[in-house]
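In listed order, ligands and their atoms are each counted from 1. Just so it is clear, the structure is predicted and the values come from calculations on it, not from any experiment.
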Amino acid sequence: MEPKFVSPSVIEASNRAAARVRERLGGAKPRYYIETYGCQMNEHDSETFAGQLTQMGYVPAASKQEADLIMFNTCCIREHAELRTFGNVGFVKELKEQNPALITVVCGCMMQQKGVARRLAQRFPFVDMVLGTNELAQFPQFLERVMDGERVLEIKDTDGEIPEGLPIKRNEGFSTFVNIMYGCNNFCSYCIVPYVRGRERSRRAEDIVREVEQAVNDGFTEVTLLGQNVNSYSGFGVTFPELLRMVDKVEGLKRLRFMTSHPKDLSHELVLAMAECKKVCPHIHLPVQSGNNRILALMNRRYTREHYLSLVRDLREFVPWVEITTDIIVGFPTETEEEFEDTVSLVREVGYSAAYSFAYSVREGTKAAAMDGQVPEEVKKSRLQRLNAAINESVVGANDRYIGTRGEILIEGCDRRGEPMMFGKLPSLKMVYVKGDESMIGEYKNVLITGTRFNSLCGEIE
Ligand code: SAH
Ligand code: SF4
Ligand code: F3S
């Protein structure tokens, strides 16, 4: 099914509302502060809200205390994210007492969960606006209503439409994100994302290429293409490997990354595109979740351990120096000690350069939440600790092979713990520490790797 787009008339109405707000502010420059939780999808939405606020005449605030508008862009992927959000929204009460004109907005994935928005609005009467994940395009209209004294609660329970043509204010730096698709169709049994982000929908390839060109024009040299499962991208017949080849041609772009890849849809064509496209970095984030086939089936991941390992072999054969990172869940309902050990052995077998590990967290409304055999918290905790020990061992082991090699890093910043060192990443995502100074930030430098430092490498600029 072809995706629906937010109609151009809605985008125009939004631009007109933004212009009205700007006029109403009469040259005043109120300050906004956006606190973003969760993944890069939310970061990207926050950049769009920031773009709209800029269009309306707002400027960024250095802290919540200084802000005239505070926005919380929430996440609900695991339970603790939710608890933290409610806590942080609660703190605004004090700020509102000091500055009654303060506007408070809460939006994002968590607001899309059944009953949460209403509960939040009831508990925190000072919150002026609550939005779901499909309301981005109308934000200026909603802000206008708040300025008229109304309390706005807008959450559409739809699969969402693609908003094209909204302004974006990108976070500063040299590396940025471009969304290529929204939503998810996979319904992994533990995951809330398909419920709060709606069905999968892909942007048009030409819109993506244009956005990348724009980002390059604005000074970004590294772009990460984003989606919950980029391998199932389908922009009016264009596949993900084809899209990579198109974006790879954008002049001025130095590095192209993408995430996240679902193993069930990773094709050999993608491996070849990674190998052949000069700008595509040799890094892939390939969440495995578990190393045990029974658990993988219960998770509805639709691949086996063996298939996953065959993908790793294919990547290693065709993409020189490829680095693989992953996500892992321990303590999925009914997971036994032996099944957990399968995950540990897989971590050792693959040799990840980084692995993000999570204790399974019950998400209401998902299939796994209703499963018998929930694993006790202490068991999850102990498995997490043991898994992390295995991850740390295998990561450190894999770094030694870089010593004596050469590569190019993009200098990102300065680490001031101890003797100040500049740091930047190789295309593979490995971090390298070098001697240098802050004038180098944003530059690409050739380095010789001379040693390792914690989870990273150290080297000398050549
Ligand atoms: N679309 C990506 C993942 C997005 S969520 C993918 O399919 O790989 C990021 C990570 O959060 C997941 O990979 C998973 O490891 C973790 N996660 C998701 N739901 C979770 C839950 N209920 N409990 C614990 N971890 C979870
Ligand atoms: Fe969640 Fe699975 Fe979709 Fe990833 S692919 S967002 S884990 S349902
Ligand atoms: Fe969280 Fe929503 Fe991303 S639930 S992880 S912010 S898609």
Under 4.0 Å from a heavy atom of Asp327: which atoms of ligand 1 are those, numbered in the order shown and with their elements?
9 (C), 10 (C), 12 (C), 13 (O), 15 (O)

Within a radius below 2.8 Å of atom 3 (Fe) of ligand 3, how many protein N, O or S atoms are present?
1

Among all protein non-hydrogen atoms, which one is nearest to atom 7 (S) of ligand 2, and what is the separation to 0.1 Å?
Tyr190 OH, 3.4 Å

Ligand 1 to Tyr360, heavy atom cutoff 4.0 Å, flagged ligand atoms 23 (N), 24 (C)

Only one of Arg257, Arg401, Lys425 clears salt bridge (Lys or Arg N to Asp or Glu O under 4.0 Å) with Glu323; which?
Arg401

Would you say that more than 12 heavy atoms from the other residues, nucleotides or ligands in this model lie under 6.0 Å from the CD of Glu79, or not?
no

Ignoring hydrogens and angles, state whether a donor on the side chain of Asn231 or Asp265 is under 3.5 Å from an acceptor on the partner side chain.
no

Taking 2.8 Å as the upper limit, name the protein N, O or S atoms near atom 2 (Fe) of ligand 2.
Cys188 SG

Checking contacts here: is it the side chain or the backbone of Arg363 that comes within 4.0 Å of ligand 1, counting heavy atoms only? Could be both or neither.
side chain

Sole residue of Val105, Val106, Leu120 in side-chain contact (heavy atoms from CB on, under 4.5 Å) with Phe72:
Val106

Could you list the residues that satisfy ring-ring contact (aromatic ring centres under 6.0 Å, His included) with Phe5, not counting sequence neighbours?
none

Side-chain H-bond candidate by donor/acceptor type, Asn388 with Ser357, under 3.5 Å:
yes

Taking the non-hydrogen atoms of Ala359, is any one of them nearer than 4.0 angstrom to ligand 1?
yes

Mark up the atoms of ligand 1 that fall under 4.0 Å of a heavy atom belonging to Pro287, in ascending order.
8 (O)

Under 4.0 Å between a Lys/Arg side-chain N and an Asp/Glu carboxylate O for Glu211 and Arg203?
yes

Look at atom 3 (C) of ligand 1 and say which protein heavy atom is nearest, naming residue and atom and giving the distance to 0.1 Å.
Gln228 OE1, 4.0 Å

Quick one: look up the protein heavy atom nearest atom 19 (N) of ligand 1 and list residue, atom name and how far away it is.
Tyr190 CD1, 3.3 Å

Is it true that atom NZ of Lys367 has more than 12 heavy atoms of other residues, nucleotides or ligands lying nearer than 6.0 Å?
no

What about Phe240 and Phe258, are their ring centers closer than 6.0 Å?
yes

Short side-chain donor-acceptor distance under 3.5 Å, Asn292 and Glu338
no

Quick one: look up the protein heavy atom nearest atom 15 (O) of ligand 1 and list residue, atom name and how far away it is.
Gln289 OE1, 2.7 Å

Salt-bridge criterion met for Glu337 and Arg383 (N-O under 4.0 Å)
yes

Any Lys/Arg nitrogen of Lys114 or Glu364 sitting under 4.0 Å from an Asp/Glu carboxylate oxygen of the other?
no

Is the shortest side-chain N to carboxylate O distance from Arg204 to Glu164 below 4.0 Å?
no

Just need the protein heavy atom nearest to atom 23 (N) of ligand 1, so name the residue and atom and give the distance.
Ser361 N, 2.9 Å

Under the ring-ring contact (aromatic ring centres under 6.0 Å, His included) test, residues paired with His262 that sit two or more places apart
Tyr303

Do NZ/NE/NH1/NH2 and the carboxylate oxygens of Asp342 and Arg294 come within less than 4.0 Å?
no

Within the 4.0 Å heavy-atom shell around Arg301, which atoms of ligand 1 are there?
7 (O)

Heavy-atom contacts with Thr260 under 4.0 Å: which atoms of ligand 1 show up? List them by number with element.
2 (C), 6 (C), 8 (O)

Which heavy atom of the protein is the closest neighbour of atom 5 (S) of ligand 1, given with residue, atom name and distance?
Ile77 CD1, 3.6 Å

Check contact between Gln228 and ligand 3, using heavy atoms of the residue and a distance below 4.0 angstrom.
yes

Main-chain N/O of Val280 paired to Arg255 side chain as donor or acceptor, under 3.5 Å:
no

Quick look: Cys184 vs ligand 1, heavy-atom contacts under 4.0 Å, and the answer is neither

Please work out whether any backbone atom (N, CA, C, O) or any side-chain heavy atom from C-beta onward of Phe358 is under 4.0 Å from ligand 1, and answer side chain, backbone, both or neither.
side chain

Tyr37 ring centre to Arg84 NZ or CZ under 6.0 Å, with the angle to the axis within 45°?
no

Any donor-acceptor pair under 3.5 Å linking the side chain of Asn300 with the backbone of Ser189?
no

Nearest protein heavy-atom contact for atom 17 (N) of ligand 1: which residue, which atom, what distance?
Arg78 NH1, 3.5 Å

